[in-house]
Amino acid sequence: MPWFTYRDGLLCAEGVPLARIAAEVGTPAYVYSTAALTDRYASLAEAFAGLPVLIAYAMKANANLALLRHLGSLGAGADVVSGGELQLALKAGIAPSKIIFAGVGKTRDEMRQALQAGNTGIAQFNVESEPELQMLSEVAAGLGVRAPVAIRINPDVDAKTHRKITTGKAENKFGISYRRALDVYAEAAALPGISVTGVHVHIGSQLTDLAPYEDTFIRLAELVTALRGAGHDIRRIDLGGGLGIRYDDETPPDPKLYADLVRRHIAPLGCEIALEPGRYLVGNAGLLLTRVTYVKPAEAKTFLILDAGMNDLIRPAMYEAYHRIVPVKEPVSGAETAPVDIVGPVCETGDTFAEGRPMPPVEQGELLAILSAGAYSSAMASMYNARPLAPEVMVHGDRFAITRRRPSIEDMTALETLPAWFSEAKA
Ligand SMILES: Cc1ncc(COP(=O)(O)O)c(C=O)c1O
């Protein structure tokens, strides 16, 4: 990754040595590269040049406001999945006309917020079930408007990714079965508060093979033709996200080849195209900077115990995900490696970043970088074990800024109150 390279023996984010960030901000800390975000966005935008495409960043991957603001300034819209994400997207300056609302459990309140965002309401609701259609219609009709709707189709395609991030199989909770689509569109068109405008799919995340996309696009194009034949004015096709990135030695698809599939199967339908990339835009734009608290030789193996834990980066514990982990001080060339377990301080055996990982000699107090931690890392963090959320730092050339500070214990308890009876005098 060109944005995180060794210079003069020290790992840098763009022009900033990570050791400087550690000294000024402390560890653990997430570090994001602005240049990486710009590069990823540009590569996708270029791949789709000439097509009417909206890149709606799936902000569930990382909802840091500065990062959102930067992607928004490049032209990105937002794919949101909650009222909270909607408010953050608006706060970051993303226009309602570029916001798409997905998710299986939208509440009335969230629907109302989205319908009233700005003066216009948002671009599109991706509806996942018939009860949701009914509720959205009621809420919209109550406000005297029609909600622009794409129905999420579950194409029953195997995305060939980890089972916990596959979403387009019949047994997954997402979307409406391909076979029932015509009936559900007919139902939607008859509802007073719904305007049927599009079709949506999202088959999974971290796809490293284009074949499932092609299967999906072929099915989708047939469906759009059938829907138009039934009188529906389908104007937008939302292809979801899912483009994989390299964590280890994967060969993720080139976005140009992905765009070629879209040109072949989807573009001839003459619709506006929406994409919802998350991981692709931010995954390799961030790392988690951490310090080795202890090197613990044990009977069976040696542990590197870090000051970052599963609460900061849960992907290895949740998905058995692989992250490269490298010393901030460049290892001498040809340094021998030995297998170690790299773990966090949390009281869970699952708090393990890597088992039996070959590492060059690492000393207590040394800094390490856990790479590819821009997506689904800070976004999934928690304060488990009363550990403060790690701060977020954005690098821009040879400058950096703290874009979310480390909370104090007062911040961490700010929402808590003790019941009045604790302070009432005993009779
Ligand atoms: C509906 C939807 N769109 C987009 C995404 C983003 O996926 P990715 O980060 O793999 O691009 C997700 C992720 O789960 C999703 O559920």
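Just so you know, ligand 1 is whichever comes first in the structure, and atom 1 is the first atom listed for that ligand.
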Salt-bridge criterion met for Glu130 and Arg180 (N-O under 4.0 Å)
yes

Which ligand 1 atoms, with their elements, are less than 4.0 angstrom from a heavy-atom of Arg152?
1 (C)

In terms of atom number and element, which parts of ligand 1 are under 4.0 angstrom from non-hydrogen atoms of Gly242?
7 (O), 8 (P), 10 (O), 11 (O)

Could you pull out, from Glu276, Glu128, Gln206, the option with a heavy atom nearest to atom 1 (C) of ligand 1?
Glu276

Flag, side chain of Asp307 to backbone of Arg291, donor-acceptor distance under 3.5 Å:
yes

Is there a donor-acceptor pair under 3.5 Å between the side chain of Arg152 and the backbone N or O of Ser129?
no

Just list the side-chain donor-acceptor pairs under 3.5 Å for residues 181-194, sequence neighbours left out, or say none.
| unit_1 | atom_1 | unit_2 | atom_2 | d |
| --- | --- | --- | --- | --- |
| Tyr185 | OH | Ile151 | N | 3.3 |
| Tyr185 | OH | Gly198 | O | 2.7 |
| Glu187 | OE2 | Gln134 | NE2 | 3.3 |

Is the shortest distance from a Lys or Arg side-chain nitrogen in Arg236 or Asp238 to a carboxylate oxygen in the other one below 4.0 Å?
no

If we number the atoms of ligand 1 from 1 as shown, the ones under 4.0 Å from a heavy atom of Tyr376 are 6 (C), 7 (O), 8 (P), 9 (O), 13 (C)

Proximal atoms of ligand 1 relative to Gly278 (non-hydrogen, under 4.0 Å):
8 (P), 9 (O), 11 (O)

So for Asn126 against ligand 1, with non-hydrogen atoms under 4.0 Å, the contacting part is neither

Taking only non-hydrogen atoms of Gly241 and a 4.0 Å limit, the atoms of ligand 1 in range are 4 (C), 11 (O)

Which is it for Arg279 and ligand 1 at heavy atoms under 4.0 Å: side chain, backbone, both or neither?
both

Within the 4.0 Å heavy-atom shell around Ala58, which atoms of ligand 1 are there?
4 (C), 5 (C), 6 (C)

Distance-only, no hydrogens or angles: does the Glu110 side chain make a donor-acceptor pair with backbone N or O of Thr107 under 3.5 Å?
yes

Using modelled atom types and a 3.5 Å cut-off, is there a donor and acceptor pairing between side-chain atoms of Ser195 and backbone atoms of Ala147?
no

Is any N or O atom of Gly240, backbone or side chain, closer than 3.5 Å to an N or O atom of ligand 1?
no

Please tabulate, one pair per line, all N/O donor-acceptor pairs under 3.5 Å involving side-chain atoms of residues 280-288, not counting sequence neighbours.
| unit_1 | atom_1 | unit_2 | atom_2 | d |
| --- | --- | --- | --- | --- |
| Tyr280 | OH | Arg40 | NH1 | 3.4 |
| Tyr280 | OH | Ser43 | OG | 2.6 |
| Asn284 | OD1 | Ser372 | OG | 2.6 |
| Asn284 | ND2 | Arg246 | O | 3.3 |

Ligand 1 versus Ser205, non-hydrogen atoms closer than 4.0 Å: side chain, backbone, both, neither?
both

Per-atom contacts, ligand 1 versus Pro277 - under 4.0 Å to a heavy atom
11 (O)

